[in-house]
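Worksheet: one structure, shown below.
Each residue takes its place number in the sequence, starting with 1. Just so you know, ligand 1 is whichever comes first in the structure, and atom 1 is the first atom listed for that ligand.
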Amino acid sequence: MAYETIIVEIEDHIALMKLNRPEAMNALSETLLSELAQALTEAQKNDKVRCIVITGSDKAFAAGADIKMMSEKSFADVFAGDLFTPETEQIMRVRKPIIAAVSGYALGGGCELAMMCDFIICSDTAKFGQPEINLGVVAGIGGTQRLTRLVGKSKAMDMNLTGRFMEAEEAERSGLVSRVVPAKKLMEEAMSAAEKIAEKSMITTMVVKEAVNRSYETTLREGLLFERRVFHSLFATDDQKEGMNAFLEKRSAQFRDR
Ligand code: DAK
């Protein structure tokens, strides 16, 4: 399907989704977020897709929600219209793993979109921030919640209150991103991580995503019980037999998602 504000390529079991509004530093318009949500839902349904990578340009992953679009809206527009809620909920329903490959600015809604992905690989040029306070508003899709869980209260307060940007090295040190690589190597690294994930049993990758995300929603005791039960349930799959037999037979596993 052709989109106006994103480019989607599916190759070797990986759906690569590139945000494409260069004139506005990939600012998240309603069209962009809705197209992204739709593309992700399609990727979820497409049996060929086993992992998803979302990226932007060298300059910007996304510089936030579109300020021009928001500047024209009233309280009633954003409240009754529930700006961005259906799209972000649709994105959160995707069960396949999603990697954010971030170069340049990931600000406001852009930082929040990256945090909605399962993990972030960034280039050494990446800059993360929640500068909404400079616009007289606050973060609206996770900048005060997901960021706090990822980097802790002190840095989340600092970023949300001062609006300062966090460089790649600090982002890795603080647990916001999983890896930092030279800008030229970003896509190679992200695609190679996606290829590794795509080789696994998709049942297992979806279970991992569900289990890790559950840790945000529940107590440690309940989370550990959930983990134990999904571990037990994977013994009902052919892929568990295949994975363990392949190890014992010293060969690569051929998973069938069964
Ligand atoms: N929106 C619209 N246009 C943007 C933009 C944005 N967020 N960011 C950049 N642009 C546009 C600029 O206006 C400029 O357009 P022209 O003037 O050329 O037409 C073009 O991109 C290039 O930008 P600059 O000329 O400013 O480039 P610089 O290299 O000098 O600076 C910058 C790059 C990224 C540091 C700067 O552009 C900047 O500070 N941008 C704004 C960053 C920002 O404040 N982001 C937070 C936006 S608020 C919600 C959930 C979430 C949200 C809202 C609601 N709900 C659930 C209800 C999210 C809110 C936000 O993200």
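Between Thr125 and Gly104, the closest heavy-atom pair is OG1-N, 3.3 Å. In plain terms, the two heavy atoms of Gln44 and Arg95 that are nearest each other are OE1-N, 2.7 Å.
Contact annotation for atom 25 (O) of ligand 1: protein absent (non-hydrogen atoms, distance under 4.0 Å). The nearest protein heavy atom to atom 36 (C) of ligand 1 is not closer than 4.0 Å. Not a single protein heavy atom sits closer than 4.0 Å to atom 12 (C) of ligand 1. There is no protein heavy atom less than 4.0 angstrom from atom 39 (O) of ligand 1. Under the 4.0 Å distance rule, the nearest protein heavy atom to atom 30 (O) of ligand 1 falls outside the cut-off. Taking a distance limit of 4.0 Å, we find that atom 17 (O) of ligand 1 is approached by no protein heavy atom. Distance check on atom 7 (N) of ligand 1: some protein heavy atom falls below the 4.0 Å cut-off.
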Task: Step-by-step salt bridge (charged side-chain N to carboxylate O under 4.0 Å, His left out) determination, Glu167 to Arg173 - done: CA-CA 10 Å; Glu167 305 275 339; Arg173 181 160 34 93; over 6 Å; no
Task: Stepwise salt bridge (charged side-chain N to carboxylate O under 4.0 Å, His left out) test for Arg179 and Glu189 - done: CA-CA 9 Å; Arg179 320 177 191 180; Glu189 185 85 3; 3.0 Å; yes
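With Asn26 contributing its side chain and Ala60 its backbone, the two residues share a donor-acceptor pair below 3.5 Å. For Ser201 (side chain) and Asp257 (main-chain N/O), no donor-acceptor pair under 3.5 Å exists by modelled atom type. A donor-acceptor pair under 3.5 Å is formed between the side chain of Glu35 and the backbone N or O of Thr5. For the pair Asp66 (side chain) and Met69 (backbone), a donor-acceptor distance under 3.5 Å is present.
Nearest protein neighbour of atom 44 (O) of ligand 1, counting heavy atoms only, is Pro131 CG, 3.7 Å. The protein atom (non-hydrogen) at minimum distance from atom 51 (C) of ligand 1 is Ile141 CG1, 3.5 Å. Nearest protein neighbour of atom 10 (N) of ligand 1, counting heavy atoms only, is Ala24 O, 3.8 Å. Residue, atom and distance of the protein heavy atom nearest to atom 1 (N) of ligand 1 are Ile67 N, 2.9 Å. In terms of protein heavy atoms, atom 52 (C) of ligand 1 is closest to Ala65 CB, 3.9 Å. Looking from atom 19 (O) of ligand 1 to the surrounding protein, the closest heavy atom is Glu23 O, 4.6 Å.
Between atom 23 (O) of ligand 1 and the options Met25, Glu112, Lys73, the minimum heavy-atom separation is to Met25. The heavy atom nearest to atom 57 (C) of ligand 1, out of those in Thr88, Asp66, Leu33, Leu83, is found in Leu83. Distances from atom 43 (C) of ligand 1 to the heavy atoms of Gly64, Gly108, Ala63, Gly142 show the closest one on Ala63.
Checked by distance only, ligand 1 and Phe84 stay at 3.5 Å or farther apart across all their nitrogen or oxygen atoms. At a 3.5 angstrom cut-off on N or O pairs, Gly109 counts as close to ligand 1.
Note on Arg146 versus Glu112: no salt bridge recorded, every NZ/NE/NH1/NH2 to OD/OE distance being 4.0 Å or above. Residues Arg21 and Glu23 are paired through a salt bridge, judged by an N-O separation under 4.0 Å between the basic side chain and the carboxylate.
The closest side-chain heavy-atom distance from Phe128 to Leu176 is below 4.5 Å.
The OG atom of Ser215 sits 12.5 Å away from atom CD of Glu210, with the distance rounded to the nearest 0.5 Å.
At least one heavy atom of Leu107 sits closer than 4.0 Å to an atom of ligand 1. Within the 4.0 Å heavy-atom shell around ligand 1 one does not find Gln130. Residue-ligand proximity: Leu135 is placed with a non-hydrogen atom under 4.0 Å from ligand 1.
Of the heavy atoms in Ala27, only side-chain atoms (C-beta onward) come closer than 4.0 Å to ligand 1.
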